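Values below: every heavy atom of this structure, side chains too, minus hydrogens, waters and symmetry copies. Protein chains get the first letters and strands the later ones, always in sequence-line order, with residue 1 at the start of each. What you see is a predicted model; the values in this text were computed from it and never measured.
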Amino acid sequence: MKTSYDVIVVGGGVIGSTIAWRIAQTSRKVLLLERGRLGQEASSAAAGMLGAELEMNEPGPFFQLCLESRELYPTFSDELFDLTGIEIELTPNGILRLARTTEEAAQLQETAAWQQLHGGSAMFLTSTQIAAMETSVCETFGGLFLAKDGNVNAALVTRAVGKAASLTADVIEGSPVYDIVFSPTEVTVRTATEQYHAEKVILANGAFANQFLPSMHMPPSLIPVKGQLLRIQPSGHVKLTRTISHGHFYFVPKRDGTIIVGATEEPELLSHINTVSGLSQLLLAVQDVLPGLRDAAFVDAWTGIRPLLPTREPFIGPVDANSQALVAIGHFRNGILLAPVTAEIIVSLIEGKALLAHHKAFIPQIPVSQVR
Amino acid sequence: MDILVNGQRKSVPDTTTIFSLLEQFHLQDELIAVEHNGEIIAREAYATRRLTEKDVIEIVRFVGGG
């Protein structure tokens, strides 16, 4: 293994792996360093919703970023299959957001209105229409059908981009980074056994970014947010055909017939424990929203730690004018969705190309009073 | 003294702690995370951590507990 590279990527989740693969495709020498196993954290824990419209509360660059990345997914899927042989189970059959009160119905109609103005696909459906689409769902006051949203198998996406990185870049797992040091001519990244040198370093280590942000003169403002999820297996003839969302709970049917139920949001917790209260909330949500599935079998439960920045949006770009260090962090609930477009932005920056206007919004901006 | 809370300028008494600031917003019992000048502050420190002039506070709310 050599020790000198063009780019070193720190963090082997869905973001870091996709970035490493895409930069390697430009014939640059890339090293991806992962402290554990590729994709072991939030990336493989995700439910896999491609909820570009589901997750947005207002128009703006972030909404555009999500729509853009969603449009990249079919090609992303084909490229990953051709390179790795892994099928990521892209299922763009829409997401149904349910209203269970008249107030919720009014709010969803407002949401549909602004999203339609900005490129969204939301259609308000009546309770009768929803009942006809999904037989296991509760009584509703109607809901929004987001026709272009959908879901993908997050664990397979994570595995596929990890394999893509392994086939095109140098990947070292089981290798925690101790520190990142900048000199005028290069960046040195130190692990337990080696010092690697590169022109640029890209920080993509998700919920654990605070360890290195100060060395890049950025405040350690990343907030880890634990989520608990579980999986159920419907019995008999009852099924769910598409992703359902109500409030902050969602139910994502997978190709193998199971349904992923998510999720809690527990700030500042780095634990991987499924708790009584967390799991009961999820199980009660199933009984409430999908009463037709009350006889489903419980399969398993797990956790993931989402990386959140105070702006609730990611930072994607150089930390300063020297641009020896770039970050791709803070993807929170949208890492799987945003991996394709994040990697595109990072590749453009590495190649010295001008960014699209709405991509510039994600370059780190530090409030002046925080620069000490 | 003047501080920034979620990007907005706010005037608070000189002896304000993080906890007393949260009380002003009625957030002291909510599921939140607080950052003080870019650092996450542990809940146990809210009552003792004093604010000073021009401090930058971010308060982030969460939808679903565990």
The interface call for B/Ile32 against chain A, heavy-atom contacts under 4.5 Å, is backbone
Does any heavy atom of chain A fall under 4.5 Å from the side chain of B/Ile57, the backbone, both, or neither of them?
neither
Side-chain contact, heavy-atom cut-off 4.5 Å: A/Pro267 with B/Leu31?
yes
Does [X] [atom1] have over 12 foreign heavy atoms under 6.0 Å away?
X        : atom1 : answer
A/Arg294 : CZ    : no
B/Gln8   : CD    : no
A/Asn57  : CG    : no
B/Arg43  : CZ    : yes

Using non-hydrogen atoms and a 4.5 Å limit, figure out which bit of A/Val276 sits close to chain B: side chain, backbone, both or neither.
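It is neither, since no heavy atom gets under 4.5 Å.
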Honestly, the part of A/Asn210 sitting under 4.5 Å from a heavy atom of chain B is side chain
Identify the two heavy atoms, one from B/Glu35 and one from A/Pro220, that lie closest to each other, and give their separation to 0.1 Å.
OE2-O, 4.4 Å
Walk me through whether A/Thr264 and B/Phe62 qualify under side chain to side chain contact (heavy atoms under 4.5 Å, CB included).
CA-CA 9 Å; A/Thr264 62; B/Phe62 296 92; over 6 Å; no
So, taking the atom named CZ in B/Arg61 and the one named CD in A/Glu265, what distance separates them when rounded to the nearest 0.5 Å?
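Answer rounded to 0.5 Å: 12.0 Å.
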Stepwise side chain to side chain contact (heavy atoms under 4.5 Å, CB included) test for A/Leu222 and B/Ile40:
CA-CA 8 Å; A/Leu222 195 296; B/Ile40 304 167; 5.9 Å; no
